[in-house]
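Below is one structure, written out as structure tokens; the observations come after it.
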Amino acid sequence: MNQLILSSPSSSGCSGYSHLNLQQTHQLHAHFIKTQFHNPHPFFSQSHFTPEANYNLLISSYTNNHLPQASLNCYLHMRTNDAAAALDNFILPSLLKACAQASSADLGRELHGFAQKNGFASDVFVCNALMNMYEKCGCLVSASLVFDKMPERDVVSWSTMLGCYVRSKAFGEALRLVREMQFVGVKLSGVALISLIGVFGNLLDMKSGRAVHGYIMRNVGDEKMEVSLTTALIDMYCKCECLASAQRLFDRLSKRSVVSWTVMIKGCIRSCRLVEGAKNFNRMLEEKLFPNEITLLSLITECGFVKTLDLGKWFHAYLLRNGFGMSLALVTALIDMYGKCGQVGYARALFNGVEKKDVKIWSALISAYAHVSCMDQVFNLFLEMLDNEVKPNKVTMVSLLSLCAEAGTLDLGKWTHAYINRHGLEVDVILETALINMYVKCGDVTIARSLFDEATQRDIHMWNAMMAGFSMHGCGKEALELFSEMESHGVEPNDITFISIFHACSHSGLVVEGKKHFNRMVHNFGIVPKMEHYGCLVDLLGRAGHLEEAHNIIENMPMRPNTIIWGALLAACKLHKNLALGEVAARKILELDPQNCGYSVLKSNIYASAKRWNDVTSVRETMSHLGMKKEPGLSWIEVNGSVHHFKSGDKTCTQTTKVYEMVAEMCIKLREAGYTPNTAEVLLNIDEEEKESALSYHSEKLAMAFGLISTAPGTPIRIIKNLRICDDCHAAMKLLSKIYARTIIVRDRNRFHHFSEGYCSCLGYW
DNA sequence: ATAGGGTTAG
């Protein structure tokens with residue numbers, strides 16, 4: 001044992017001293033406490049012993065046994081006993097590793113200062129450990145500063161820095177570093193290659209990922225790295241939704257680790273191959289490999305991602321049955337999974353069972369409530385969290401913002417934005433995108449655009465959010481301009497980008513542009529059109545009246561069209577009053593989904609517009625026979641930070657009398673302006689709002705009346721509706737905007753309508 | 001090598 005004590009630093013740079021196993025460590029500690037660190041333990045030879053050696057051995061042992069706090073306590077003990085001066089470049093990495101494990105940025109910085117004062121700041125091992133420490137504590141900038149100042153670097157320094165960038169999701173920086181490595185002639189180590197594969201997996205860039213795969217096949221013969229490199233490749237293929245390639249690699253892998261299995265099963269779940277995932281899990285157990293905590297964390301998280309409650313519950317049961325301690329991370333993952341599956345009850349129960357709660361667990365519960373749109377609970381929980389002196393982080397704020405976006409509550413969204421600024425929370429790409437998305441969905445594209453322009457970093461998601469914003473607001477031209485701007489920035493569009501582009505074209509009548517971009521998507525960008533893209537194309541052509549061409553697309557698309565595709569055609573037939581084709585579409589929809597009530601209604605509307613009243617009645621009778629229910633129409637408006645909901649004919653509002661008086665006034669003024677309710681139109685649109693309430697009491701009109709009585713003259717009125725706005729309300733809103741000199745911004749299920757001076761921004765495309 | 005958050009036709 002003696003010769004172990006002062007062995008030379010290992011190449012990892014983090015375990016300069018040898019270490020003991022957990023049991024020995026505890027023994028050693030007990031001995032030191034008894035002797036105040038001044039007598040040697042039997043592990044030491046007398047001649048080598050110093051009190052500092054006791055500390056050092058203890059520190060490296062605790063760190064390597066993943067007890068960072070114990071390790072750091074030893075350091076604090078050293079400091080109070082004036083023994084810290086004995087720290088050298090061999091033990092510093094071990095302490096820094098403990099700081100990383102415990103996320104103690106303050107102690108880490110202190111040790112950095114110590115290293116600088118004592119001439120260890122240019123030691124390669126110390127620097128490598130510093131980089132890791134800073135990154136794990138969330139200070140990527142400090143990590144790269146350390147790297148930049150290093151007088152000399154070894155292979156580990158380069159791959160450490162690369163790993164830091166990848167873990168912090170700074171993929172652009174990571175790629176820049178790889179280019180620099182190639183430029184200065186540093187060969188990519190196995191570890192560096194793993195990080196590089198991670199970059200492409202996260203960027204969903206399979207082309208480059210495949211290239212790295214090829215490079216490895218040709219250049220890497222290191223057998224020690226086989227399993228980890230292949231595992232990284234499997235993960236990359238899974239993330240890029242190429243399960244077949246992943247499975248092939250996995251099957252050929254000579255030795256599989258728990259991580260290989262984890263990654264493979266995770267990939268199955270992500271691609272919704274649940275049975276295969278479960279089978280693989282059992283195969284893993286049969287091969288006597290057992291899941292660790294991270295395995296379960298990953299799999300449970302993945303269940304949330306694809307919203308598979310059953311499998312999620314199964315893993316929950318598995319960990320209970322197999323004696324996994326309920327760590328904070330596991331509970332958080334479970335809360336997150338239940339939240340994404342819409343099971344707030346389970347999420348809440350798990351949350352209540354936790355004694356000491358951190359930001360992550362609070363954020364997970366908040367996002368669970370956000371998923372089911374519980375505005376009050378979300379903001380109350382947020383305040384409760386602050387009362388408990390837990391500080392929110394960027395992830396918490398993203399949840400709040402996406403709820404504000406969904407609910408369209410601009411005031412609350414602005415409050416959240418202000419909170420971020422007031423508390424100096426770091427705004428990264430994701431948070432910035434969440435802000436842009438919030439402003440877009442709350443109806444303020446101008447602020448969204450300025451945030452977008454000022455953003456220091458833009459990824460594809462942010463570009464997409466901004467383009468989707470323009471398309472929702474009917475700004476087709478702006479969306480297309482942004483697309484070419486993105487191209488000139490060299491950012492590759494993805495499938496989602498094109499959905500926004502087609503949507504934008506469709507809502508601005510840009511048929512030629514839309515078709516052109518469909519071709520570019522396929523031929524220039526190599527994106528295989530999905531069902532969604534064909535849906536957009538049908539909508540684009542149909543809206544513009546090219547019904548036959550749209551029908552042709554459906555007949556010739558490579559997959560079986562779903563109800564949504566036929567629904568787009570049916571809606572176009574209704575718009576252009578093509579009864580024959582409409583019937584074809586309606587029949588297809590009912591074949592595919594006999595329970596689908598929306599389309600039954602649409603079908604009856606087509607009959608109504610052709611004045612075939614007997615057919616209308618028969619469709620209605622079939623519907624009530626099958627017990628089909630429509631989604632009730634709902635509108636809401638935010639005034640002074642609180643949200644007021646209205647159903648059609650609603651009388652539950654506290655100011656009901658005033659609201660209905662206002663509606664009466666609106667009706668009189670509308671009639672004076674020459675407006676008559678269009679009863680034919682009513683029939684055409686009963687799909688969207690219950691028929692029993694008269695037109696005047698449609699939910700958006702009630703919300704409008706409420707807005708008029710509770711906001712200052714001249715301020716814009718913002719209304720959100722869960723269904724499509726009906727023709728009648730649309731016509732009324734145009735006039736109302738003029739009568740009351742208000743800008744009215746209505747977000748319906750499809751898009752925004754900006755009413756002003758008697759006009760609507762949608763120009764009939766909706 | 002596996003571990004929270006953002007973008008998606010009708």
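It should be emphasised that the depicted structure is a prediction, and the values quoted were computed from it without experimental measurement. We name chains A, B, ... by the order of the sequence lines, and we start the count at 1 in each one.
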Tell me: [atom1] of [X] to [atom2] of [N], nearest whole Å?
X      : N     : atom1 : atom2 : value
A:I269 : B:dA3 : CD1   : P     : 13 Å
A:N202 : B:dG6 : CG    : P     : 15 Å
A:D495 : B:dT7 : CG    : C1'   : 11 Å
A:Q101 : B:dA3 : CD    : P     : 18 Å
A:E293 : B:dA1 : CD    : P     : 18 Å
A:F502 : B:dT8 : CZ    : P     : 16 Å
A:L334 : B:dG4 : CG    : P     : 14 Å
A:Y439 : B:dT7 : OH    : C1'   : 18 Å

For [X], answer base if it contacts any base atom (sugar-phosphate contacts may also be present), sugar-phosphate if it contacts only those atoms, and nothing otherwise; contact means non-hydrogen atoms under 4.0 Å.
X      : value
A:K239 : nothing
A:V429 : base
A:S228 : base
A:S257 : base
A:I194 : sugar-phosphate

So which nucleotide from [options] ends up closest to the side chain of [X]?
X      : options             : value
A:K266 : B:dG5, B:dA3, B:dA9 : B:dA3
A:L297 : B:dA3, B:dA9, B:dT2 : B:dA3
A:K360 : B:dG4, B:dG6, B:dG5 : B:dG4
A:T301 : B:dG5, B:dG4, B:dA9 : B:dG4
A:A468 : B:dA1, B:dT8, B:dA3 : B:dT8
A:M531 : B:dA9, B:dG5, B:dT7 : B:dA9
A:I496 : B:dA9, B:dG4, B:dT8 : B:dT8
A:E532 : B:dG4, B:dG6, B:dA9 : B:dA9
A:D459 : B:dG6, B:dG4, B:dA1 : B:dG6
A:T433 : B:dA9, B:dG6, B:dT2 : B:dG6

**Message:** Using only modelled atom types and a 3.5 angstrom limit, is any donor from either the side chain of A:T230 or the base of B:dA1 paired with an acceptor on the other?
**Reply:**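 Answer is no: no donor-acceptor pair is held.
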**Message:** Taking atom types as they are modelled, would you say the side chain of A:D428 forms a donor-acceptor pair with the base of B:dG5 within the 3.5 Å cutoff?
**Reply:**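 Pair found.
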**Prompt:** Among pairs that include at least one residue of residues 394-405 of chain A, which meet salt bridge (Lys or Arg N to Asp or Glu O under 4.0 Å), considering only residues two or more places apart or in two chains?
**Reply:**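 Listed once each, the pairs are A:K394-A:E426, A:K394-A:D428.
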**Message:** Given the ring of A:F351, does A:K357 sit roughly above its face, with NZ or CZ under 6.0 Å from the centre of the six-membered ring and within 45° of the axis?
**Reply:**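 Pair A:K357/A:F351 counts as cation-pi.
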**Asked** Quick one: does NZ or CZ of A:R256 land under 6.0 Å from the six-membered ring centre of A:F250, within 45 degrees of the ring axis?
**Response**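 Here A:R256 passes the 6.0 Å and 45° test against A:F250.
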**Item:** Residue pair A:E241 / A:S271, side-chain donor-acceptor N/O under 3.5 Å
**Value:**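 Result is no, nothing qualifies.
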**Item:** N/O donor-acceptor pair under 3.5 Å between A:H576 side chain and A:G542 backbone
**Value:**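 Yes: the side chain of A:H576 pairs with the backbone of A:G542.
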**Request:** Compare side-chain N and O positions of A:N437 against OP1 and OP2 of B:dT7 and report whether any pair is under 4.0 Å apart.
**Result:**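 Yes.
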**Message:** Is there a side-chain contact between A:K224 and the phosphate of B:dA1, meaning an N or O under 4.0 Å from OP1 or OP2?
**Reply:**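 A:K224 to B:dA1 OP1/OP2: no side-chain N or O under 4.0 Å.
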**Request:** Look at the rings of A:F315 and A:F281 and say which category their plane angle falls in: under 30° parallel, 30 to 60° tilted, over 60° perpendicular.
**Result:**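 Perpendicular.
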**Request:** Please list all pairs passing the side-chain hydrogen bond (donor to acceptor under 3.5 Å, both in side chains) test where one or both residues lie in residues 451-462 of chain A, with sequence neighbours left out.
**Result:**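 Counting only pairs at least two positions apart or across chains, the side-chain hydrogen bond (donor to acceptor under 3.5 Å, both in side chains) contacts touching residues 451-462 of chain A are A:R449-A:D453.
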